[in-house]
Amino acid sequence: MNEKEMYELMNANLGFYLATVEGDQPHVRGMMLYRADENGIIFHTASTKDVYAQMKANPKVELCFNGGGTQIRVTGIAEQVVDDDLREEIFHHPTRQFLQAWKENGIDHLLQIFVVKNCEAVTWTMATNFEKKVPVALCNGKTHTNGATN
């Protein structure tokens, strides 16, 4: 699976799992993707959540996407994004109608945006279950067409 195909699978399956570490304890939870492309994998959370504190303390993360019998695991660094235009875009996006209540209740300042870029991904399917994993570079601002399936 090449980089472009990975972005397509991610964007078609907005639910993903995010792994963080607090001390020596891993934590995994379901998240909702905003967008994935050559510029990064963008998602958000609230500053009141444990996941926010965990990423601030240790930004090393792993994301796991699933769709059509394929799993993509992405390893990288979660960077906090401060971008007012992106923030408003997220609040007004059709898949984020639930965020309107944040604005109505005056808690929209809690929204924190993160991006994972310059990362690596490996794929898995039942057919490739025992094959060696070959990492594919993702989100480095360049589109690649040569990727390996694992």
Side-chain angles (χ1 to χ4, degrees), residues 1-22 26-100 102-103 108-125 127-129 131-150:
M1 179 173 266
N2 66 37
E3 182 178 7
K4 182 178 182 283
E5 292 168 327
M6 289 183 186
Y7 298 140
E8 288 171 359
L9 185 143
M10 291 176 196
N11 287 307
N13 299 278
L14 298 181
F16 71 96
Y17 292 94
L18 174 69
T20 59
V21 176
E22 183 174 30
H27 297 273
V28 179
R29 81 279 292 151
M31 300 289 286
M32 187 174 178
L33 175 71
Y34 181 65
R35 176 175 63 225
D37 60 28
E38 63 276 358
N39 296 310
I41 300 169
I42 299 171
F43 60 96
H44 54 82
T45 191
S47 58
T48 56
K49 300 273 189 168
D50 291 343
V51 66
Y52 174 78
Q54 291 160 3
M55 287 188 293
K56 293 300 284 181
N58 180 352
K60 293 180 181 179
V61 295
E62 186 164 278
L63 296 73
C64 184
F65 295 86
N66 289 285
T70 298
Q71 174 179 276
I72 301 171
R73 287 185 13 237
V74 179
T75 303
I77 305 292
E79 300 174 17
Q80 193 166 5
V81 175
V82 178
D83 180 330
D84 290 337
D85 292 336
L86 177 59
R87 180 183 186 74
E88 285 306 307
E89 178 185 320
I90 289 171
F91 269 108
H92 293 96
H93 196 273
T95 64
R96 299 306 195 270
Q97 292 301 313
F98 63 93
L99 290 176
Q100 291 310 307
W102 291 36
K103 284 191 172 253
D108 53 312
H109 65 281
L110 299 178
L111 184 82
Q112 302 299 317
I113 304 167
F114 286 87
V115 64
V116 178
K117 54 186 175 181
N118 298 315
C119 47
E120 287 189 342
V122 293
T123 58
W124 174 92
T125 67
T128 62
N129 192 26
E131 293 179 12
K132 183 179 181 214
K133 290 175 177 46
V134 179
V136 174
L138 289 184
C139 308
N140 60 10
K142 301 174 188 171
T143 302
H144 300 282
T145 56
N146 61 339
T149 301
N150 267 357

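Below, each value reflects all heavy atoms present in this structure, side chains not excepted, and no hydrogens, waters or symmetry copies.
Proximity of M55 to L18: side-chain heavy atoms (C-beta onward) are separated by under 4.5 Å at one or more points. Between E89 and R35 the shortest side-chain heavy-atom distance falls below 4.5 Å. Counting only heavy atoms from C-beta outward, the side chains of Q71 and C64 approach each other to under 4.5 Å. Looking at heavy atoms from C-beta onward, L33 lies in side-chain contact with I41 at the 4.5 angstrom threshold. You'll find the side chain of F98 reaches within 4.5 Å of the side chain of R96, heavy atoms only. No side-chain heavy atom of E5 sits under 4.5 Å from any side-chain heavy atom of V136. Side chains of F114 and V61 form no contact here, defined as non-hydrogen atoms less than 4.5 Å apart.
No side-chain donor from either of K49 and Q112 sits under 3.5 Å from a side-chain acceptor of the other.
If you take CE on M6 and CE on M1, they are separated by 6.5 Å, rounding to the nearest 0.5 Å. Of the inter-residue distances, the one linking I42 atom CD1 with K117 atom NZ reads 9.0 Å to the nearest 0.5 angstrom. Residue W124 holds its CH2 atom at 9.0 Å from NZ of K133, rounded to the nearest 0.5 Å. With rounding to the nearest 0.5 Å, the separation of CD in E62 from CD in E120 is 11.0 Å. Here the CG-CG distance, from L63 to L138, works out to 10.5 Å after rounding to the nearest 0.5 Å.
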Could you walk me through whether H27 and D50 pass the side-chain contact (heavy atoms from CB on, under 4.5 Å) test, one step at a time?
CA-CA 10 Å; H27 297 273; D50 291 343; over 6 Å; no
Please evaluate residues D108 and L99 with respect to the criterion side-chain contact (heavy atoms from CB on, under 4.5 Å), reporting the C-alpha separation (whole Å), side-chain torsions for both, the decisive distance (0.1 Å), and the verdict.
CA-CA 8 Å; D108 53 312; L99 290 176; over 6 Å; no
Residues T45, R29; criterion side-chain contact (heavy atoms from CB on, under 4.5 Å); working and verdict:
CA-CA 12 Å; T45 191; R29 81 279 292 151; over 6 Å; no
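The aromatic rings of F16 and F65 lie parallel to each other, their planes meeting at an angle below 30°, with 60° marking the opposite boundary. Relative ring orientation between W102 and F91 is described as perpendicular, the plane-to-plane angle rising above 60° on a 0-90° scale split at 30° and 60°.
Judged purely by atom type and a 3.5 angstrom limit, T125 uses its side chain to pair as donor or acceptor with the backbone of T128. Side-chain N or O atoms of R87 include none that pairs as donor or acceptor with a backbone N or O of I113 at under 3.5 Å.
Every residue two or more places apart in sequence or in another chain that forms a salt bridge (Lys or Arg N to Asp or Glu O under 4.0 Å) with E88 is listed here: K103.
Taking both residues in full, the closest heavy atoms of C139 and E3 are given as N-OE2, 3.5 Å, listed atom of the first, atom of the second, then distance. Here the closest heavy-atom approach between residue N66 and residue L9 is recorded as C-CD2, 4.2 Å. In this structure, V122 and P135 approach most closely via the heavy-atom pair CG1-CA, 3.8 Å. A121 and V74 make their closest contact through CB-CG2, 4.0 Å (heavy atoms, listed as atom of the first residue, atom of the second, distance). Shown here for M32 and T95, the closest heavy-atom pair between the two residues is CE-O, 3.3 Å. Heavy atoms only, all atoms of each residue included: D83 and D85 are closest at OD1-N, 3.0 Å.
For D84, the CG atom counts as loosely surrounded, since its 6.0 Å shell holds 12 or fewer non-hydrogen atoms of other residues, nucleotides or ligands. At most 12 heavy atoms of other shown residues, nucleotides or ligands fall within 6.0 angstrom of atom OH in Y17.
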